[in-house]
Structures are given as structure tokens and as C-alpha cells.
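Just below is one structure, and these are the notes that go with it.
We count residues from 1, following the sequence as given. These numbers come from a predicted model, not from an experiment.
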Amino acid sequence: MLPPIIAGYKLKNTDVDVYVSLGNVVSVERRLLNYESDLGFVVQSNIGHEDLHFEKIMDVPFWFVVHPLHPLANKEVTIFDLSEHDFIYRERGSSTRDLLEAIFYTHNCPLPKLGLQMQGLPESIKVVEAGFGMLLAPACSVNEALAQGKLSRVFVEQAKVNQSLFICTRKMGEIEHPFIHYLKNHLIESLY
């Protein structure tokens, strides 16, 4: 969702330097607290640091995805069916990993088999596109691969998964960063 908005902002603000880095929730919070970043985006349900401000922007659906030839591709299954398959786990500190574990714990279900542990969502998606394992990923990150037939969904009974997207900033004042204002005005356009 963000790259087209970032590009539009940069086109209208050519004198502004924009540096984008990727990381998990822990690294985003650390970069903000160390004044290495002005703002960050995190997807998580249990957030809160006393020196940071979190503003919810929207809810993001998360989907289970596999390679189209995977035995569960395009099938409706139970959460227990997933436990028997290799899974791509994100690194410790990733909100997606926390979410995955919470889904299975909530249903009193064994965690799926650790097939691989990957740092980074794009890399994790590429592994599944190459034919290995299953992944829990934000819908907006896999929509294109699904449309191109590189991935397929696994529909899980009683596991509709949404997480909230937050803008994270330091608690310093009431002035909203100009990019945040631009983002709020253009986010809905980017979704359609």
C-alpha cells in the first residue's frame, strides 16, 4: 500500500529526502526511540511504549497462502489441518509471528511445523511462490501474486484474521508530520 503513496508524496515534495527501511515491530520502535527514524508503520494488536504515540490507520486482513500446487490450495480447512504442514515462520519480534502463534494458541491447537524461519515478508513470500511451505501474510502483500497465479489461499474455518496498521511516532508535540497528513488523505485512494 505504501510505495505508491510514498512516490506521490516525493513527486509533490521533491526537496524532501525520504529513506525507507524495513524491519519488525521491535526494530521500528528502536529506530524511533534512537532518533534514527521520524515515523514508522507497525501492524500489531498489542502495542504501546510510553515514549511513542501509536495512531490506528486501518485494519489489515491476513491470509494463509501456499503455492498453487500445495495440497491445501483453495481449500477450506480447520486450523488443526494447518498444523500438519511446513510453515514459513517470521523472525522473533515480528508481529506476524506473534499473530500466527496467537491464532493457534487461541484455538488450543499445536503450532504448525517450522519449515523455515525467514526475516522479511517479501523473502518469505518468494519462498512460498517457489513451492515450499505455507505463510500467514497481509492480504495487500499477496494480492498481486494471487492474481498472477503464483500463490493460492487456504481458507481456514473460524480464523478470520485482521490486524491493525498503526503509524508510530515519538511523543514530542501536537504537530503532525506532513507525510502522515498526506498519507491519511491518499490511503483510501490507494486501496481502490
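A distance of 3.5 Å separates CZ in F54 from SG in C168, rounded to the nearest 0.5 Å. Expressed to the nearest 0.5 Å, how far OG1 of T169 lies from CG of L39 amounts to 7.5 Å. How far CD of E84 is from CG of L72: 8.5 Å, rounded to the nearest 0.5 Å. To the nearest 0.5 angstrom, D98 atom CG is 9.0 Å from Q163 atom CD. Note that the CG atom of L151 and the OG atom of S141 stand 11.0 Å from one another [nearest 0.5 Å]. One finds the CG atom of N108 at 12.0 Å from the CD1 atom of I79 (value rounded to the nearest 0.5 Å).
Within the 4.5 Å cutoff, side-chain heavy atoms of F179 are placed close to those of I5. Counting heavy atoms from C-beta outward, L183 and Y9 have side chains that stay 4.5 Å or more apart. Considering only heavy atoms from C-beta on, V154 stays 4.5 Å or farther from V65 through its side chain. Put simply, the side chain of F62 reaches to within 4.5 Å of the side chain of V60, judged on heavy atoms. When side chains are defined from C-beta on, F104 counts as touching P112, because their heavy atoms get closer than 4.5 Å. Put simply, the side chain of F166 does not reach to within 4.5 Å of the side chain of I57, judged on heavy atoms. Residues T96 and L121 form no side-chain contact, since every pair of their non-hydrogen atoms from C-beta on lies 4.5 Å or further apart. Within the 4.5 Å cutoff, the side chain of F41 has no heavy atoms near those of the V28 side chain.
Although no hydrogens or angles enter the test, the distance criterion places a donor-acceptor pair under 3.5 Å between the side chain of R170 and the main chain of S37. Between the side chain of D81 and the backbone N or O of T78, at least one donor-acceptor pair lies under 3.5 Å. A donor-acceptor pair under 3.5 Å links the side-chain atoms of K171 to the main chain of E50, judged by distance alone. Judged by distance alone, the side chain of S83 and the main-chain N or O of P110 form a donor-acceptor pair under 3.5 Å. The backbone N or O of R90 sits less than 3.5 Å from a side-chain atom of R97, completing a donor-acceptor pair. Checking side-chain atoms of K10 against main-chain N and O of V16 turns up a donor-acceptor pair under 3.5 Å.
A cation-pi arrangement is absent between R153 and F64, since the terminal nitrogen or guanidinium carbon is not both under 6.0 Å from the aromatic centre and inside a 45° cone about the axis.
Both V66 and I103 are assigned to one and the same hydrophobic cluster, defined by single-linkage of ILVMFWY side chains at heavy-atom distances under 4.5 Å. Hydrophobic clustering, with ILVMFWY side chains joined whenever heavy atoms are under 4.5 angstrom apart, keeps L99 apart from V142. Clustering ILVMFWY residues whenever any of their side-chain heavy atoms sit less than 4.5 angstrom apart, transitively, puts F80 in the very cluster that holds L82. In the hydrophobic clustering of this structure, V26 does not group with Y89; members are Ile, Leu, Val, Met, Phe, Trp, Tyr whose side-chain heavy atoms approach within less than 4.5 Å, directly or through other members. Residues L116 and L111 are members of separate hydrophobic clusters, defined by side-chain heavy-atom contacts under 4.5 angstrom among Ile, Leu, Val, Met, Phe, Trp and Tyr.
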Q: Please lay out, stage by stage, how W63 and L146 fare under the test side chain to side chain contact (heavy atoms under 4.5 Å, CB included).
A: CA-CA 11 Å; W63 294 339; L146 287 163; 3.5 Å; yes

Q: Dump the intermediate steps for side chain to side chain contact (heavy atoms under 4.5 Å, CB included) on E157 and E76, then the final yes or no.
A: CA-CA 7 Å; E157 296 171 6; E76 186 170 336; 3.3 Å; yes

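Taking all atoms of both residues into account, the shortest heavy-atom contact from S152 to N74 is OG-ND2, 3.6 Å. Closest approach of D59 to S164, counting heavy atoms only: OD1-OG, 2.9 Å.
Within a 6.0 Å radius of CD in Q117, other residues, nucleotides and ligands contribute more than 12 heavy atoms.
Every residue meeting the ring pair (Phe, Tyr, Trp, His ring centres under 6.0 Å) condition with H70, not counting sequence neighbours, appears here in chain and number order: H85.
Residues near L69 contribute nothing to a hydrophobic cluster around it, because no ILVMFWY side-chain heavy atom sits closer than 4.5 Å to its side chain.
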Listed pairs under 3.5 Å, donor-acceptor, residues 123-140 side chains, sequence neighbours left out:
unit_1	atom_1	unit_2	atom_2	d
S124	OG	G120	O	2.8
K126	NZ	E129	OE1	3.3

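Remark: R92 engages E101 in a salt bridge, criterion side-chain N to carboxylate O under 4.0 Å.
Note: H186 and Y182 have parallel aromatic rings, judged against thresholds of 30 and 60 degrees for the angle between ring planes.
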